[in-house]
Amino acid sequence: MEGSENMTTTVGFIGSGHIGITVARLAIEAGHQVVLSNSRGPETLADTAAELGPRASAATSGEAAAAGDIVVVTVPVTAFPDLPTVPLAGKTVIDTCNYGPERDGHIPELDNKSLTSSELLLRYIPDAMVVKAFNTIFFKHLLSLARPAGTADRSCLPIAGDSAPAKAAVTQFIESIGYGVVDAGPLADSWRQETGTPVWGTPYGPFSNEKGQPVGEDAIRAALATATR
């Protein structure tokens, strides 16, 4: 979207649900390469990769992790123990995951708020640099609200993380696919963008409005600030 100054990045995906495929689609439009994976094997993603075009391929989760300059982890929280730890070591990992007890079962550390779900993820991939992003937006809104840099109605997304270089890499990636970024602090503060918080879903409009509504930096900052734990 932004021109030749953007370096092409290879983005690995562990999990290829709605958000994963939407991020992959936007990444390809921005000139990046994507490597998709899921828990069922690469052959189940062959049609999706073919539809996305020559910049997309399907692989195992370990291969996707190894291939990615950035790796998007977009799986149920219950799948954290199954992640490929070794190839994720040293990688910038985008955590899109949302904890839902009705789907995931109850996880004591998340229920008692001693950990955020991103901090829980980090326990399973301790050598990765985790950045929470894309968990706050409905996938249809994510697709429809992307805008080139400099556009008046460009929306922002919050990110949280502990590694400054990883945050810089994720910011550059998110900006390349059509969004501004609001730094919401370290992983310990990522509860401010978890399920049910003011910044989660609501600012971009109801699910019934598939187009969504643009949300600027000030509105995202205000929503983060009003979160309570």
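On a predicted model such as this, the values are computed, not experimentally measured, just so you know. The figures here come from the full heavy-atom set of this structure, side chains too, leaving out hydrogens, waters and symmetry mates.
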Could you point out which residue of Thr74, Asp95, Asn98, Thr96 forms a side chain to side chain donor-acceptor pair (under 3.5 Å) with Asn135?
Asn98
What closest approach, in Å, do Val71 and Ala65 show between heavy atoms, and which atom pair accounts for it?
CG2-O, 3.5 Å
Donor-acceptor contact below 3.5 Å, side chain Lys91 vs main chain Ala128
no
What residue among Leu122, Asp104, Ile125, Leu120 forms side-chain contact (heavy atoms from CB on, under 4.5 Å) with Phe80?
Leu120
How far does CG of Asp218 sit from SG of Cys156, to the nearest 0.5 angstrom?
9.0 Å
Taking side chain as C-beta onward, heavy atoms only, is Leu157 less than 4.5 Å from Ile137?
yes
On a heavy-atom basis, the closest approach of Ser61 and Ser37 is CA-OG, 3.3 Å
Any link between Ile70 and Leu121 through a network of hydrophobic side chains (Ile, Leu, Val, Met, Phe, Trp, Tyr) touching at under 4.5 Å?
no
Are Glu51 and Arg25 close enough for a salt bridge, meaning some N to O gap below 4.0 Å?
yes
Return yes if some donor-acceptor pair links the side-chain N/O of Asp69 with the main-chain N/O of Thr9 below 3.5 Å, else return no.
no
Tell me the closest heavy-atom pair linking Leu115 and Leu110, and the distance in Å.
O-CD2, 3.5 Å
Using side-chain heavy atoms (C-beta onward) and a distance below 4.5 Å, is Val93 in contact with Val131?
no
To the nearest 0.5 Å, atom CD1 of Ile94 lies from atom CD1 of Ile159 at 8.5 Å
Which heavy atom of Pro126 sits nearest a heavy atom of Thr85, and at what distance?
CD-CG2, 4.4 Å
Taking all heavy atoms of Met129 and all of Ala166, pick out the closest pair and write down the distance.
CB-CB, 3.6 Å
Quick one: does any side-chain atom of Glu175 pair with a main-chain N or O of Gln172 as donor and acceptor, under 3.5 Å?
no
Just do the side-chain contact (heavy atoms from CB on, under 4.5 Å) check on Ile14 and Val72 with the steps written out, would you?
CA-CA 6 Å; Ile14 299 178; Val72 179; over 6 Å; no
Given 3.5 Å as the limit, does a donor-acceptor pair link the side chain of Arg229 with the main chain of Lys113, or not?
yes
Assess whether side-chain contact (heavy atoms from CB on, under 4.5 Å) is satisfied between Thr136 and Phe134, documenting all intermediate values.
CA-CA 6 Å; Thr136 60; Phe134 296 120; over 6 Å; no
Identify whether the distance between the nearest side-chain nitrogen and carboxylate oxygen of Glu217 and Arg221 falls below 4.0 Å.
yes
Heavy atoms only: give me the nearest Cys97-Val75 pair and the separation to one decimal.
SG-O, 3.2 Å
Examine Val34 and Leu143 and state if one hydrophobic cluster contains both, with Ile, Leu, Val, Met, Phe, Trp and Tyr joined whenever side-chain heavy atoms are less than 4.5 Å apart.
yes
Distance, nearest 0.5 Å, that separates OG of Ser155 from CD of Gln213:
9.0 Å
Flag the pair Ser39 / Asp82 as yes when at least one side-chain heavy-atom distance between them is below 4.5 Å, and no otherwise.
no
Under the ring pair (Phe, Tyr, Trp, His ring centres under 6.0 Å) rule, what do Tyr204 and His141 come out as? Steps first, then yes or no, please.
CA-CA 7 Å; Tyr204 306 101; His141 294 167; 7.0 Å; no
Decide side-chain contact (heavy atoms from CB on, under 4.5 Å) for Ile107 and Tyr99; before the verdict, give the C-alpha distance in whole Å, the side-chain angles of both, and the deciding distance to 0.1 Å.
CA-CA 9 Å; Ile107 298 171; Tyr99 169 55; 3.9 Å; yes
Using the rule given for side-chain contact (heavy atoms from CB on, under 4.5 Å), can you reason through Val35 versus Glu63, listing the C-alpha separation, both sets of side-chain angles and the distance that settles it, and then say yes or no?
CA-CA 8 Å; Val35 182; Glu63 289 164 346; 5.6 Å; no
For Asp47, does the CG atom have more than 12 heavy-atom neighbours from other residues, nucleotides or ligands under 6.0 Å away?
no
For the pair Glu119 (side chain) and Leu187 (backbone), establish whether a donor and an acceptor sit closer than 3.5 Å, ignoring hydrogens and angles.
no
Output the distance between atom NZ (Lys140) and atom OG1 (Thr22), rounded to the nearest 0.5 Å.
10.0 Å
Do Phe13 and Tyr124 belong together in a cluster built from hydrophobic side chains that touch within less than 4.5 Å?
no
Is a side-chain donor-acceptor pair under 3.5 Å present for His32 with Ser176?
yes
Please answer whether the main-chain N or O of Arg192 pairs with a side-chain N or O of Thr197 as donor and acceptor at a distance below 3.5 Å.
yes
Validation row: Phe173, Thr92 side chains within 4.5 angstrom (heavy atoms)
no
Value rounded to 0.5 Å, distance of CG in Leu26 from CD1 in Ile21:
11.5 Å
Side chains of Ser114 and Asn112 only: does a donor on one sit below 3.5 Å from an acceptor on the other?
yes
Between Ile220 and Val199, is there a side-chain heavy-atom distance shorter than 4.5 Å?
yes
Give a yes or no on whether the backbone of Lys211 and the side-chain of Ser144 come within a donor-acceptor separation of less than 3.5 Å.
yes
Are Leu88 and Leu36 connected, step by step, through hydrophobic side chains (Ile, Leu, Val, Met, Phe, Trp, Tyr) whose heavy atoms are closer than 4.5 Å?
no
Donor-acceptor pair, Arg147 side chain versus Leu145 backbone, under 3.5 Å?
yes
Ser117 and Lys132: side-chain hydrogen bond (donor to acceptor under 3.5 Å, both in side chains), yes or no, with the steps?
CA-CA 9 Å; Ser117 60; Lys132 185 86 166 180; 3.1 Å; yes
Give a yes or no on whether the backbone of Gly15 and the side-chain of Asn38 come within a donor-acceptor separation of less than 3.5 Å.
no
Ignoring hydrogens and angles, tell me if any N or O in the side chain of Tyr179 forms a donor-acceptor pair with the backbone of Thr171 under 3.5 Å.
no
Would Leu224 end up clustered with Ile174 when hydrophobic side chains under 4.5 Å apart are linked, directly or stepwise?
yes
